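Numbering of residues begins at 1 and proceeds along the displayed sequence. The shown structure was predicted, so the numbers you read here are calculated from the model rather than taken from an experiment.
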Amino acid sequence: MEKSKQIVWNRLGELRRAYRNYQNNPYVPETAHQLRVQTRKLRALLNFVKKELGEETYANLNGLLRETAQKYEPVRELDVLLEVCGEIALEQPEQSLHYRELFRYLDKERRKEMRRTFNVQNVRLIESTFDTLQQYLEHWQPEEGWEKKLGNRLEKRMKKLQKRMDQLDLEDYQSVHKTRIQAKKARYVADDFGELLTKKAKKIRKEAEAIQDQLGRYTDLHVNIGLLEGYADQVEVENVKELLHLMIEQQKERKQNFEV
């Protein structure tokens, strides 16, 4: 098996392992986190070799992974939100007397989303996605010499990413979000394919990770504001609603003052 194909195959194995760990203990935030990370890493590798996979095949496999990821994404988003709220509670303990009620409410929501990931339909979808990917990769036969075509692809992607950063406008959230996605893809490809493709892999990985982390703080603020607003609209306990609105204003202020 060609080295690059073996790398993709191994990444599928890591994703299966992450899903098994989540099944064994979905209460630990790290298992949900690793499940999302491994899904994104595999999608990044498939995206990198989509010319060799074929556009139709890539679209099918990526679509399956995207659909399965959406099933457990809310669990991870709530984990991130709980962490943010926990930091606020520690930094500003005098701000409210109702933190405990807030965490009880968010924990209940998290458990609800967690249970949803284990309904029969969702489990079947996820497991069938893994089986489809495995069956395809087992029979995938790229053209001879295909790895040589990958040599400059990562460097070209990094140049495009740097250009996006030079033109970045924080007021355009969709552009910020897409730029961060491109940074993740570059980092994950550099991680897995690395020096197999280019001697610049370590430098590319470091630069891409820095961009990912920097923009990640901004996109987390944006996502958390949306989540807080959603829960503020639906929560019935007035004290919790007021606390959520306080947090929303704090997150908006941080977003407004954010600098790249």
*Asks:* Hey, could you give me each pair passing ring pair (Phe, Tyr, Trp, His ring centres under 6.0 Å) that has a residue in residues 111-133? Not counting sequence neighbours.
*Replies:* Y19-F130, Y22-F118
*Asks:* Restricting to salt bridge (charged side-chain N to carboxylate O under 4.0 Å, His left out), what partner residues turn up for E144, sequence neighbours left out?
*Replies:* none
*Asks:* Using the salt bridge (Lys or Arg N to Asp or Glu O under 4.0 Å) rule, collect all pairs that involve residues 14-34, keeping only residues at least two apart or in two chains.
*Replies:* E14-R17, R16-D131
*Asks:* Sequence neighbours left out, what passes salt bridge (charged side-chain N to carboxylate O under 4.0 Å, His left out) with K112? Give chain and number order.
*Replies:* E109
*Asks:* Sequence neighbours left out, what passes side-chain hydrogen bond (donor to acceptor under 3.5 Å, both in side chains) with Q70? Give chain and number order.
*Replies:* none
*Asks:* Ring pair (Phe, Tyr, Trp, His ring centres under 6.0 Å): which pairs involve residues 37-87, sequence neighbours left out?
*Replies:* F48-F193
*Asks:* Considering only Ile, Leu, Val, Met, Phe, Trp and Tyr, and joining two whenever side-chain heavy atoms are under 4.5 Å apart, list the other residues clustered with Y188.
*Replies:* V37
*Asks:* For T179, enumerate each residue passing the side chain to side chain contact (heavy atoms under 4.5 Å, CB included) test, keeping only those at least two apart in sequence or located in another chain.
*Replies:* L161, R164, M165, L168, S175, L215
*Asks:* For N62, what residues pass the side-chain hydrogen bond (donor to acceptor under 3.5 Å, both in side chains) criterion, not counting sequence neighbours?
*Replies:* R43
*Asks:* Would you please name every residue forming a side chain to side chain contact (heavy atoms under 4.5 Å, CB included) with E73, sequence neighbours left out?
*Replies:* R36, R40, E77
*Asks:* So which heavy atom on L137 is nearest to which on L12, and how close?
*Replies:* CD1-CD2, 4.0 Å
*Asks:* Per the salt bridge (Lys or Arg N to Asp or Glu O under 4.0 Å) rule, what does the pair list look like for residues 223-248, sequence neighbours excluded?
*Replies:* E229-K252
*Asks:* Under the side-chain hydrogen bond (donor to acceptor under 3.5 Å, both in side chains) rule, collect the residues that match up with E91, sequence neighbours excluded.
*Replies:* R254
